[in-house]
Amino acid sequence: MARLLAADDEAIATGARLLREGGLVVFPTETVYGLGADATNATAVARIFEAKRRPRLNPLIVHVADREAAGRLVVLNDAGGALAQAFWPGPLTLVAPRRPDCPVAALVSAGLDTLAVRVPAHPLAHALLEACAVPVAAPSANPSGRLSPTRARHVAEALGDAVDLILDGGPTEVGIESTIVDCSAPDPVLLRAGGVSRAMIETLLGARIADHSARHAERPSAPGQLASHYAPRARLRLAASEVRPGEALLAFGPDLPAGAGAAVMTLNLSETGDLRAAAANLFDMLHRLDASGAAAIAVMAIPKSGLGEAINDRLARAAAPRPAA
Ligand code: TXA
Ligand code: MG
């Protein structure tokens with residue numbers, strides 16, 4: 001079982017050290033408890049998906065101590081800047097383009113060129129973020145498909161074995177997740193209702209804001225998922241047992257398929273067949289293989305157990321026929 005510590009100064013220092021060492025630390029925010037890992041450490045982030053048993057590698061929210069720290073990760077446009085000024089720290093998450101030098105692992109934003117960032121108001125979350133001095137990726141600390149936790153006890157019961165430390169800050173105040181506003185285009189879009197109401201946002205901006213379902217009404221098949229769909233330019237050929245001329249290879253495990261020697265470029269998700277390493281490498285390697293200019297990427301079969309389910313889900317999405325742009 002993970003240690004459950006009342007969140008005093010010493011516990012926060014321990015949590016900060018564990019985060020910097022690649023550990024998983026559960027911490028209270030004013031909305032719900034978060035399951036945190038160092039966002040710049042892809043292997044630590046892969047452990048989040050493993051612990052939650054997420055069937056999909058959805059993008060995660062990155063938590064930072066203040067607006068300056070957020071500004072080192074993303075570029076906020078006018079609306080984003082106004083929302084940050086008004087509601088940070090607080091239960092608001094902003095989606096914005098990653099800065100070119102953004103140190104956050106590609107896995108956190110599931111390969112997208114945007115990042116969801118928030119500055120929590122909870123004093124313990126703030127103290128932890130200051131102390132660890134790295135951006136912290138954290139989804140709600142519940143197993144996938146279950147209710148978000150508002151008490152440390154909920155987390156201990158459901159995820160206790162999978163995390164390194166639980167910081168107990170008592171019941172959370174807001175109890176529902178943060179509001180998510182996408183500011184990556186000139187007109188902001190409400191992606192998720194939450195702790196800051198639509199009315200508060202519209203009053204501040206002096207304009208109505210569209211919600212996600214309106215913008216994507218023409219493609220209703222996968223609400224919430226289209227925005228997080230990373231599609232490489234190159235075609236993906238899954239479960240490939242040979243590499244064809246002109247293809248790049250995304251390998252897995254020690255044994256390469258026939259034709260691998262002639263691949264345009266080869267990257268191995270994990271030479272030892274470790275699924276955590278594979279998840280950590282997935283989006284970064286897809287980007288690099290795509291940049292090789294190969295028309296297609298042959299992807300070796302990945303086992304479906306454990307994190308393999310989420311990896312296969314993402315690969316299937318990236319390989320799916322694309323709607324005409
Ligand atoms: O209150 C909260 O927001 C809590 C606490 C722990 O901060 N966190 C939380 O995280 O609810 P999570 O992972 O359960 O929800 C993250 C949501 C997902 O629905 C995801 O699709 C969206 O944020 N998201 C993350 N990055 C995104 C991006 N780049 N573009 C669009 N949506 C994104
Ligand atoms: Mg959640």
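Whatever order the structure lists ligands and atoms in, that order sets their numbers, starting from 1.
Counted by atom type alone, Thr93 and Ser178 present one or more donor-acceptor pairs between their side chains at under 3.5 Å. Between the side chains of Arg118 and Thr29, a donor-acceptor pair is found at a separation under 3.5 Å. Judged purely by distance below 3.5 Å, without hydrogens or angles, the side chains of Arg98 and Ser109 pair a donor atom with an acceptor atom. Side chains of Thr272 and Asp274: a donor-acceptor N/O pair is absent below 3.5 angstrom, by distance only. Looking at Ser148 and Glu177, their side chains do bring a donor and an acceptor atom within 3.5 Å of each other.
In terms of polar-atom proximity, Thr31 is counted as a contact of ligand 1, with an N or O under 3.5 Å from an N or O of the ligand. For a threshold of 3.5 Å applied to N or O pairs, the pair formed by Thr93 and ligand 1 contains no separation below that value. In terms of N/O distances under 3.5 Å, ligand 1 is approached by Ser178. The shortest N or O to N or O distance between Glu177 and ligand 1 is not under 3.5 Å. Taking only nitrogen or oxygen atoms, main chain and side chain alike, Tyr33 does not reach within less than 3.5 Å of ligand 1.
Shown in contact with Arg192 at under 4.0 Å from a heavy atom are these atoms of ligand 1, numbered in order with element: 2 (C), 3 (O), 9 (C), 11 (O), 15 (O). Annotation for ligand 1: atoms under 4.0 Å from non-hydrogen atoms of Ile61 are 3 (O), 8 (N), 9 (C), 10 (O), 16 (C), 23 (O). Residue His63 approaches ligand 1 through these ligand atoms, each under 4.0 Å from one of its heavy atoms: 5 (C), 6 (C), 7 (O). Of all atoms in ligand 1, listed by their number and element, those nearer than 4.0 Å to a heavy atom of Ile180 are 17 (C), 22 (C), 23 (O). Of all atoms in ligand 1, numbered sequentially from 1 with element shown, those under 4.0 Å from a heavy atom of Leu191 are 31 (C), 32 (N). Short contacts between ligand 1 and Ala116, defined as distances under 4.0 Å to a heavy atom of the residue, involve ligand atoms 25 (C), 26 (N), 27 (C).
With a heavy-atom cut-off of 4.0 Å, Asn58 does not touch ligand 1 at all. Residue-level proximity to ligand 1 for Ser109 is absent, since no heavy atom of it falls below 4.0 angstrom. Contact annotation: for Asp182 versus ligand 1, there are no heavy atoms closer than 4.0 Å.
Within the 3.5 Å criterion, the main-chain N or O of Gly195 finds a donor-acceptor partner in the side chain of Thr179. In this structure, the side chain of Glu130 does not engage the main chain of Ala127 through any donor-acceptor pair within 3.5 Å. A side-chain donor-acceptor contact under 3.5 Å links Tyr33 to the backbone of Gly169. Side chain of Arg20 to backbone of Gly15: no donor-acceptor contact under 3.5 angstrom is found.
Proximity of the aromatic rings of Phe27 and His122 is defined here by a centroid distance below 6.0 angstrom, and this criterion is not met.
At least one side-chain heavy atom of Leu19 sits under 4.5 Å from a side-chain heavy atom of Val136.
Only protein atoms were considered; those of element N, O or S under 2.8 Å from the Mg ion (ligand 2) number 1.
Using a non-hydrogen distance threshold of 4.0 Å, Ser140 registers as a contact of ligand 1. Put simply, part of Arg54 is less than 4.0 Å from ligand 1, judged by heavy atoms.
Among all heavy-atom pairs drawn from Ala131 and Ile12, the shortest one is CB-CG2, 4.3 Å.
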